> 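This is the structure I have questions about; it appears just below.
What's counted below: heavy atoms across the whole structure, side chains too, no hydrogens, waters or symmetry copies. Note that this is a predicted model, so its numbers are computed, not measured.
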Amino acid sequence: MNTPPGWYPDPGYAGNGPAMERWWDGSAWSEYTRDASGAADPAFGPPPPPYLPGRQGGRGRGPRIAAVSVAAGVVVAAIVGGIVLLGDGGDGGGGNAQTGPAAPSDSAPPDGGDPAPDLPAPDSPSDGPTDTPSAPPSYDPDTAPDPGNGISLPVLTGWQAGRSSSGGAGVTTSRYPCPGDPSTECVRGGAFSRTAQGYKATSAKGIAKEDIAQNAEESYGTDEDNDRKAYGGITSHKELKESAVEVAGGKGYLVRWKVVTKKGDDGVVQSLAFPSPTVPDTMVVVRFGFDESDKAPPLGDMDKIVKGIEALAGDGRSI
């Protein structure tokens with residue numbers, strides 16, 4: 001009897017980092033993987049077909065992290081002051097969204113898994129998994145889990161939960177055509193988490209101060225991949241806040257800027273850095289991007305999200 005399709009322990013897992021699962025399509029291992037302790041998708045559900053991929057670290061409005069919106073089923077890219085929603089990239093419709101942090105451009109599975117290294121194709125079904133597919137943890141519907149970093153973001157009233165292409169958590173609000181590029185959709189507000197990697201600084205304060213300029217440019221500035229300017233670019237910025245803050249029981253730091261754009265609403269971006277409460281030697285960055293508009297969420301929601309960040313246990317429940 002052939003092994004049925006499902007998520008199984010990754011045969012290529014070397015023991016470094018969180019345990020991973022790989023999708024078995026019934027006859028061969030696929031390129032899709034996910035965190036074994038934090039998969040939010042149904043245990044027997046295959047990875048959904050990819051939308052327009054993005055590259056983490058690219059330009060755009062707010063944190064450039066593409067997230068799959070749980071409610072809308074679309075890829076959401078966070079840009080400073082908004083969230084960029086990415087379409088399917090085809091000729092038949094759906095525009096790209098760029099409100100909030102910009103979307104990454106490197107291909108990644110839409111469920112937050114990373115493309116797997118090349119694996120030899122099995123010679124027969126017997127080369128497949130022998131275990132039964134694992135059941136995912138039951139997450140609190142009022143939180144957006146980031147199992148890789150051991151945290152969850154709160155889902156406030158009127159917000160939607162999602163996941164970033166890096167496996168982080170994302171929460172977003174309403175979409176609308178970007179003022180500088182109506183073919184793309186922007187988001188009024190968003191917050192996205194990711195592992196802090198590639199920074200010169202190692203402290204929460206240093207990482208937050210180093211990240212804020214990139215956050216602003218990626219949220220409301222110019223997309224370095226295609227020169228797209230969802231808001232016409234940034235003309236100036238002003239620091240609104242910089243302070244130490246307690247996050248999930250640890251000592252974090254945040255920096256908040258107002259950015260003035262050439263087109264449409266101005267925005268407020270915030271970079272928050274803090275140590276993971278459950279993953280040793282790991283720093284986490286959460287990027288925020290809110291429009292300055294009566295249609296956007298109030299700035300108080302930034303503070304509510306920061307206060308609502310919690311440690312995440314292996315079973316998917318907040319600690």
> Any salt bridge between R194 and D211, counting N to O under 4.0 Å?
yes

> Please check if the side chain of T173 supplies one atom and the backbone of G189 the other of a donor-acceptor pair under 3.5 Å.
yes

> Just by modelled atom types, is the Q197 backbone N or O under 3.5 Å from a matching donor or acceptor in the T195 side chain?
no

> With a 3.5 Å distance limit and no angle check, can you tell me whether T235 reaches the backbone of K262 through a side-chain donor-acceptor pair?
no

> For a 4.5 angstrom cut-off between non-hydrogen side-chain atoms, does F192 reach T172?
yes

> Any sub-3.5 Å donor-acceptor pair from E210's side-chain atoms to K200's backbone N or O?
yes

> On a heavy-atom basis, which atom in S293 and which in D265 lie closest, and how many Å separate them?
CB-OD2, 3.3 Å

> For the side chain of T261 and the backbone of K263, is there at least one donor-acceptor N/O pair under 3.5 Å apart?
yes

> Heavy-atom distance under 4.5 Å between the side chains of F274 and E246, does that happen here?
no

> Check the angle between the aromatic planes of F290 and W159 and answer parallel, tilted or perpendicular using the 30° and 60° thresholds.
tilted

> Looking only at side-chain N and O atoms, does S276 offer a donor or acceptor that is under 3.5 Å from a partner on N149?
no

> Please assess D266 against K238 for the test salt bridge (charged side-chain N to carboxylate O under 4.0 Å, His left out), listing each intermediate value before the final yes or no.
CA-CA 12 Å; D266 295 332; K238 176 183 179 181; over 6 Å; no

